[in-house]
Amino acid sequence: MTLEEVHGQQPMPSVHDWMQGAGTALHELLVSAQRRGCLTAGVYESAKLMNVDPDNVAFCVLAADQEDEGDIALQIHFTLIQAFCCENDIDIVRVNDVAKLAAIVGPNEESGEPRDFHCILITNPNEEGWKDPALEKLNLFCEESRNVNDWVPTITLPE
């Protein structure tokens with residue numbers, strides 16, 4: 001008898017499939033949240049929202065390219081946001097491609113200006129009972145990652 005038979009589950013997907021599934025789920029979640037008006041982009045905007053209404057934040061995405069890794073101020077902001085998310089039980093992931101995130105979310109609709117995509121928050125919509133399957137997948141992905149001591153997993157967005 002295998003472990004999967006004992007637990008009545010399908011065998012776990014490979015790490016590559018699991019990561020790709022998380023990337024697809026994140027893409028779906030970002031599109032859905034943008035459509036519903038439940039997306040906040042920008043380090044300062046996100047920090048302001050988390051300070052005012054942390055219970056309304058459902059998910060956090062931190063994004064940095066290779067050249068951003070040397071930006072000490074950005075890294076300090078990331079550390080503070082991560083600590084806040086951990087303290088308030090908000091799932092959080094990292095993305096290593098800000099350009100892909102910008103392509104998914106797009107410019108600011110009011111001004112058409114490019115936005116800061118280093119931090120994106122997904123908030124709970126005003127609609128009662130709204131459950132996004134992509135958010136549930138990402139919450140499960142984050143839980144599984146924490147089980148292997150990866151507290152802020154990195155996700156690769158699909159092409």
Side-chain angles (χ1 to χ4, degrees), residues 1-43 45-46 49-50 54-69 74-75 77-79 81-107 115-159:
M1 186 178 287
T2 66
L3 183 62
E4 288 82 15
E5 291 171 336
V6 170
H7 292 288
Q9 300 173 351
Q10 295 298 319
M12 282 294 288
S14 71
V15 172
H16 176 72
D17 292 341
W18 187 240
M19 291 296 287
Q20 187 145 12
T24 302
L26 180 59
H27 183 276
E28 292 169 6
L29 178 63
L30 291 169
V31 170
S32 174
Q34 177 83 343
R35 211 173 328 127
R36 294 181 182 276
C38 303
L39 187 138
T40 300
V43 172
E45 293 83 357
S46 297
L49 176 66
M50 284 192 286
D55 293 334
N56 197 33
V57 178
F59 199 78
C60 180
V61 179
L62 297 177
D65 290 325
Q66 288 251 301
E67 58 269 7
D68 293 327
E69 296 299 325
L74 184 62
Q75 296 308 317
H77 286 293
F78 280 4
T79 301
I81 290 169
Q82 288 174 21
F84 189 88
C85 288
C86 288
E87 185 176 303
N88 289 283
D89 296 322
I90 300 168
D91 286 327
I92 183 170
V93 296
R94 287 190 76 133
V95 173
N96 290 331
D97 196 336
V98 178
K100 279 186 188 177
L101 243 118
I104 294 168
V105 178
R115 295 191 270 184
D116 171 17
F117 293 107
H118 290 103
C119 182
I120 296 178
L121 296 181
I122 309 298
T123 55
N124 293 316
N126 295 331
E127 305 164 21
E128 287 299 318
W130 177 73
K131 294 283 184 191
D132 191 318
L135 179 59
E136 291 175 14
K137 284 181 192 175
L138 287 167
N139 289 335
L140 180 62
F141 173 78
C142 288
E143 184 179 326
E144 292 292 325
S145 295
R146 283 190 300 272
N147 288 338
V148 294
N149 290 326
D150 187 3
W151 295 95
V152 184
T154 300
I155 292 180
T156 302
L157 291 168
E159 293 299 321

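Along the sequence shown, the residues carry numbers beginning at 1.
In this structure, Gln34 and Ile104 have side chains that are not in contact, with every pair of non-hydrogen atoms separated by 4.5 Å or more. In this structure, the side chains of Ile81 and Val43 come closer than 4.5 Å at one or more pairs of heavy atoms. In this structure, the side chains of Val95 and Lys100 stay at 4.5 Å or more apart for every pair of heavy atoms. Side-chain contact between Arg35 and Ser32: present, with at least one pair of heavy atoms (C-beta onward) separated by less than 4.5 Å. Phe141 is listed as a side-chain neighbour of Pro153, based on a closest heavy-atom distance under 4.5 Å. For the pair Thr154 and Val93, the minimum side-chain heavy-atom distance is 4.5 Å or more. Between Phe59 and Asn139, some side-chain heavy-atom pair lies under the 4.5 Å cut-off. Here the side chains of Cys60 and Phe84 are not in contact, with every heavy-atom distance at 4.5 Å or above.
Taken from OG in Ser46 to NE2 in His77, the straight-line distance is 11.5 Å, to the nearest 0.5 Å. Distance check: Ile92 CD1 to Leu138 CG gives 13.0 Å after rounding to the nearest 0.5 Å. The line from CE of Met50 to CG of Asn88 is 8.5 Å long, rounded to the nearest 0.5 Å. Note: Phe78 CZ to Leu62 CG = 5.0 Å, rounded to the nearest 0.5 Å. Taken to the nearest 0.5 Å, the SG atom of Cys38 stands 9.5 Å off from the CG atom of Asp132. Distance CG/Asn147 to SG/Cys142: 11.5 Å, rounded to 0.5 Å.
Judged by distance alone, the side chain of Asp65 and the main-chain N or O of Glu67 form no donor-acceptor pair under 3.5 Å.
In this structure, Leu101 and Phe117 approach most closely via the heavy-atom pair CD2-O, 4.3 Å. Here the shortest heavy-atom pairing between Ala58 and Leu135 reads CB-CD2, 4.1 Å. When all heavy atoms are compared, the tightest approach of Ala64 to His118 is CA-CD2, 4.4 Å.
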- [ ] Mind running side chain to side chain contact (heavy atoms under 4.5 Å, CB included) on Leu39 and Ile122 for me, showing each step along the way?
- [x] CA-CA 5 Å; Leu39 187 138; Ile122 309 298; 4.1 Å; yes
TODO: Could you please spell out the steps behind the side chain to side chain contact (heavy atoms under 4.5 Å, CB included) verdict for Leu157 and Asp97?
DONE: CA-CA 8 Å; Leu157 291 168; Asp97 196 336; 5.6 Å; no
